[in-house]
Amino acid sequence: LVKERYNNDLPTVFWWWEPDPIIGIVGAERISYPDYSYGCDSNNDKDADDGTLACDYPETAMLKLGSTRLPDDAPQGYYFLTQFQISPDSINTMLSLHVDGGGS
């Protein structure tokens, strides 16, 4: 539905998560609510029509996991994992280039 509305130049607001190919395909931008702080969501009645959520969702950090033996057994792999960083924009761009994401 989002892609169809995008293709027909219709304004669209939708809730989604990232990374996902649709973000890059339609050039979606995030609407941000006030930053999350502990307790700001305590009045959330979870009513999708007229809810009372006063803040954004908290960020969820992704973890990099590896063996404690990695520094000795595979120092280059360990170095890569400790230094590797990738932005959500880069992930969404790569996903949009994939065939399933609309790329060729």
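Treat the numbers as computed from the prediction; the structure is a model and nothing was measured.
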Return the [atom1] to [atom2] distance between [X] and [Y], rounded to the nearest 0.5 Å.
| X | Y | atom1 | atom2 | result |
| --- | --- | --- | --- | --- |
| T82 | L70 | OG1 | CG | 9.0 Å |
| I23 | L95 | CD1 | CG | 10.0 Å |
| D73 | Y78 | CG | OH | 13.0 Å |
| I31 | W15 | CD1 | CH2 | 13.5 Å |
| K3 | R5 | NZ | CZ | 15.5 Å |
| I25 | Y6 | CD1 | OH | 9.5 Å |

Donor-acceptor contact below 3.5 Å, side chain S87 vs main chain S90: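 Answer holds: yes.
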Side chain N8, main chain L10, donor-acceptor under 3.5 Å: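 No, because the side chain of N8 does not come within donor-acceptor range (under 3.5 Å) of the backbone of L10.
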Cluster overlap Y79 with L81, hydrophobic side-chain contacts below 4.5 Å: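 No: no chain of side-chain contacts under 4.5 Å links Y79 to L81.
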Y36 side chain near D41 side chain, heavy-atom distance below 4.5 Å: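 Yes, side chains in contact.
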Other residues, nucleotides, ligands: >12 heavy atoms within 6.0 Å of E29 CD: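 No, the 6.0 Å shell around CD holds no more than 12 heavy atoms from other groups.
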